[in-house]
Amino acid sequence: MRNGHYRYSIDLRLSLASAALTAGGAAIVLAFIYWFAISQPTGEIAYTLEEEVARLHQFFDQEGLEVLMEEIGRSAAKGSADYYALSEENFDVVAGNFMNWPKDVPVDDQIHSFSFLEEDSGGGFPTIHHVRAWGHVLPDGRKVIVGEDVTEKRRLEEKLTVALWIAGAVTIVVSIGMGLVLSHNLLARVNTMNETILQILTGRSGERVPLSGRDDEFEALARHFNRMLDEKERLVAKIREITNDIAHDLRTPLARLRRHVESVLALPLDEEEKQETLERVLGEADAILDTFNALLKIAQIESGTLRDQMGIVDLDAILQAAVELYEPLAEAEGICFELDLTPEVEVRGNKHLLAQSITNLIDNALKYACDADCIEIRTERLADGVACSVRDFGPGVPAADREKVLDRYVRLDSSRSKPGTGLGLSFVAAVVELHGAKLELSDAEPGLRVRIVFPVAPC
Amino acid sequence: MKLLIIEDDPVASDYLAKALREKSFVVDQVDDGMEGLYRANNEAYDALIVDRLLPSLDGLSIIETLRKAGKDTPVMIVSALGDVDERVRGLRAGGDDYLVKPYAFAELLARLEIMVNRGSAAAAAQTKLCVADLEMDLLTRGVKRAGQNLELQPREFMLLEFLMRHAGQVVTRTMLLESVWDYHFDPQTNVIDVHISRLRSKVDKGFDKPLIQTIRGAGYSLRE
């Protein structure tokens with residue numbers, strides 16, 4: 001497949017198709033013209049001649065030879081046909097104006113075409129006449145002949161036929177030409193796209209198919225293709241990010257685990273110390289697995305593989321269940337929950353992911369809340385959607401850090417003393433994006449308000 | 001109790017078999033799907049532990065085939081495929097429980113015990129649960145101990161109900177999260193422990209025998 005020259009190029013196919021269609025159409029038209037102008041009239045002549053012969057035969061039957069001869073004489077002067085003749089069996093003409101029936105043409109009640117030369121009395125060249133004639137044998141052996149001079153008609157016929165052939169040829173040539181021009185035009189755009197795409201695929205991944213600004217199908221194709229390329233790059237970047245995260249986050253606990261095992265092998269520990277070390281090993285292994293699972297889950301969410309497992313979810317029920325889970329723990333720390341739920345707030349989503357997100361948010365709020373604080377949980381109906389929020393009265397997140405907090409591992413300095421992998425909020429961010437919703441972190445003055453705004457749910 | 005393990009990872013299989021034998025189970029091990037199906041079909045086992053990804057025939061197909069043949073042996077599916085939807089697939093294929101690898105042996109053991117001793121339909125139709133002097137009326141949603149009414153919040157009631165339905169058996173924190181909250185993730189805190197603590201203060205405090213016991217390294221159990 002060379003650039004721009006394909007074996008079954010649409011260029012060629014379009015042109016040929018266009019030519020074929022036009023030629024076909026032209027052929028039909030030309031054939032009609034031929035039929036109308038030539039075939040049909042010729043048929044009419046035959047009919048007229050036959051009629052005349054029948055009429056003359058009738059005369060003979062009814063009136064006899066003498067009257068027939070008269071009639072022939074009269075017809076020759078002003079009858080509907082050009083030539084009338086009555087002859088003996090031996091072709092000697094006894095009446096009429098036609099002397100030139102060729103000896104070799106049969107007289108058999110059928111139409112025949114032939115020609116004869118007319119001498120020019122002035123000494124010039126003889127003129128050729130073309131005749132279509134009907135010959136009929138009377139009961140007594142004599143012959144009646146009626147004929148049409150078709151010389152002019154023949155000439156016209158020939159001219160017309162030539163004209164039709166020329167017209168046909170011109171039509172084909174023009175249509176092929178037009179087809180080529182049109183398809184070439186069309187294909188120029190396609191070929192440009194093809195070339196650009198090939199370049200992008202073979203290395204220049206930052207490029208995009210150029211857009212011409214015209215609002216047509218090719219434009220749409222180009223736009224969609226560019227979007228696909230954007231998506232591809234996004235995913236590639238994601239993979240890179242995730243690989244880095246995994247490497248970073250698993251290396252430390254793996255190293256620790258290894259050290260523990262080494263210590264059991266190398267150091268003279270007693271049974272109790274060994275037991276303790278092995279329990280630590282188990283702890284590290286569990287921590288690694290948890291981190292791995294969390295990263296994997298976030299990766300799946302971000303890459304959109306979970307997009308098709310959605311249903312209608314009752315937000316109130318999710319928030320209620322989460323609060324009920326954390327309530328005893330909160331109470332033990334002197335923290336209370338304040339619920340402000342709007343009934344029948346439903347969204348389209350994945351209830352498991354949403355449940356886990358809410359518990360993450362509540363978990364975070366509990367970490368930063370203090371004795372005698374409250375955590376406010378609210379759902380509300382907005383003009384363009386539905387929102388749920390978790391608000392604590394803790395130190396809050398400084399405006400400058402709010403973006404950062406959603407990144408994988410960021411834990412602000414003030415929180416380094418508390419346990420947790422720091423993946424909680426980035427999990428929530430991934431889930432929020434999967435749902436087409438928005439995650440807002442704002443200063444609740446005091447405290448942090450985390451709000452998830454869902455677009456309008458389907459009814 | 002006779003168990004069949006269908007697992008192609010020899011290390012995992014051996015470790016599990018050894019641990020189960022320690023707990024007095026008779027354990028057969030098989031590392032191939034087709035062979036596992038054959039043995040499960042032709043021998044009497046109290047339960048099967050089946051890995052999903054197996055050579056020659058995968059775990060779910062084994063279960064589906066067994067179910068179609070009318071075999072209702074309890075099956076514990078074990079798999080690295082941990083999505084909730086994979087779990088649903090496993091249970092729909094006919095599995096009785098689904099455990100995500102890697103799991104703690106204590107978790108598997110607790111679930112295995114519950115799975116194998118699963119009561120008949122009669123148990124599900126019960127309207128009253130009783131353990132010692134603790135009575136739970138499922139119709140009125142009322143709980144009494146030694147004749148005294150106990151005031152329980154809805155979730156506390158559900159927790160107690162689960163413990164009572166599995167009286168005598170080990171119930172893990174994961175099981176409680178799954179059955180009472182339908183959560184298939186680990187909230188990473190000791191939330192359940194605090195719930196049990198509260199429940200104890202209502203159910204055990206002030207009565208002569210503590211019924212809610214802590215089983216170290218595994219979970220909890222309601223027993224005399």
Side-chain angles (χ1 to χ4, degrees), chain A residues 275 279 282-283 285-294 296-297 300-301 305-311 313 317-318 320-333 335 350-367 418-424 427 431, chain B residues 12 15 19 79-89 92 98-107 152-160 162 172-174 176-203 212 216-218:
Chain A
Q275 181 81 14
E279 275 171 12
L282 202 58
D286 282 341
I288 291 169
L289 284 163
D290 285 338
T291 306
F292 182 77
N293 283 334
L296 189 65
K297 198 78 189 184
Q300 280 177 326
I301 295 170
T305 47
L306 297 178
R307 222 173 272 276
D308 45 347
Q309 295 156 10
M310 304 273 208
V313 168
I318 290 191
Q320 194 91 48
V323 166
E324 282 168 13
L325 181 67
Y326 281 94
E327 215 257 311
L329 192 61
E331 194 185 291
E333 293 178 15
I335 301 165
N350 180 312
K351 71 173 182 200
H352 299 286
L353 293 179
L354 287 174
Q356 196 169 351
S357 301
I358 299 295
T359 55
N360 277 2
L361 292 181
I362 295 179
D363 195 90
N364 275 351
L366 279 172
K367 276 201 198 86
K418 308 200 196 214
T421 56
L423 285 172
F427 179 89
V431 171
Chain B
Y15 173 78
S79 174
L81 299 167
D83 260 356
V84 176
D85 299 280
E86 294 293 346
R87 185 195 155 86
V88 170
R89 273 186 74 192
R92 273 215 193 109
Y98 196 104
L99 206 50
V100 181
K101 280 201 259 194
Y103 51 84
F105 177 71
E107 186 80 41
L152 295 181
Q153 288 175 353
R155 297 279 173 186
E156 289 173 338
F157 183 92
M158 289 165 77
L159 278 168
L160 187 60
F162 193 83
T172 64
R173 293 172 185 81
T174 318
L176 288 170
L177 278 164
E178 269 173 29
S179 66
V180 177
W181 272 274
D182 195 23
Y183 282 179
H184 298 277
F185 57 89
D186 184 1
Q188 298 254 27
T189 56
N190 56 341
V191 268
I192 293 289
D193 294 338
V194 188
H195 275 272
I196 298 289
S197 193
R198 257 229 218 143
L199 196 59
R200 273 184 171 139
S201 71
K202 292 191 178 176
V203 170
I212 301 176
R216 230 199 104 187

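Excluded from the calculations below are hydrogen atoms, water molecules and symmetry mates; all remaining heavy atoms, backbone and side chain alike, are included. First the proteins, then the strands, lettered A, B, ... as listed; each starts at 1. Quick caveat, the model's predicted, so the values are computed rather than measured.
- If you measure heavy-atom distances from Glu327(A) to chain B, the contacts under 4.5 Å come from both the backbone and the side chain.
- The CG atom of Asp186(B) lies 9.0 Å from the CD atom of Gln356(A); values are rounded to the nearest 0.5 Å.
- With sequence neighbours excluded, the residues satisfying salt bridge (charged side-chain N to carboxylate O under 4.0 Å, His left out) with Asp193(B) are Arg173(B).
- With contacts defined as side-chain heavy-atom distances shorter than 4.5 Å, the pair Leu329(A)/Asn190(B) qualifies.
- Listed for the Trp181(B) side chain is no donor-acceptor partner under 3.5 Å among the backbone atoms of Ala322(A).
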>> Asn293(A) vs Phe185(B), test: side-chain contact (heavy atoms from CB on, under 4.5 Å). Steps then yes/no.
In response: CA-CA 10 Å; Asn293(A) 283 334; Phe185(B) 57 89; over 6 Å; no

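- Put simply, the side chain of Tyr326(A) does not reach to within 4.5 Å of the side chain of Val194(B), judged on heavy atoms.
- Heavy atoms closer than 4.5 Å to chain B are found nowhere in Ala330(A), neither backbone nor side chain.
- Contact annotation for Pro154(B): neither backbone nor side-chain heavy atoms come within less than 4.5 Å of a heavy atom of chain A.
- Only the side chain of Gln153(B) comes within contact range of chain A, judged by heavy atoms closer than 4.5 Å.
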> When you look at Leu325(A) and Val180(B), which way does the side-chain contact (heavy atoms from CB on, under 4.5 Å) test go after all the steps?
Replying inline: CA-CA 10 Å; Leu325(A) 181 67; Val180(B) 177; over 6 Å; no

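- With a 6.0 Å radius and a threshold of 12 heavy atoms from other residues, nucleotides or ligands, Tyr103(B) has its OH atom above the threshold.
- Heavy-atom distances place the side chain of Leu289(A), and not its backbone, under 4.5 Å from chain B.
- Arg198(B) and Pro328(A) make their closest contact through NH2-CA, 3.4 Å (heavy atoms, listed as atom of the first residue, atom of the second, distance).
- Legend: salt bridge (Lys or Arg N to Asp or Glu O under 4.0 Å) pairs involving residues 350-359 of chain A, not counting sequence neighbours, sorted by first then second residue: Lys351(A)-Asp182(B).
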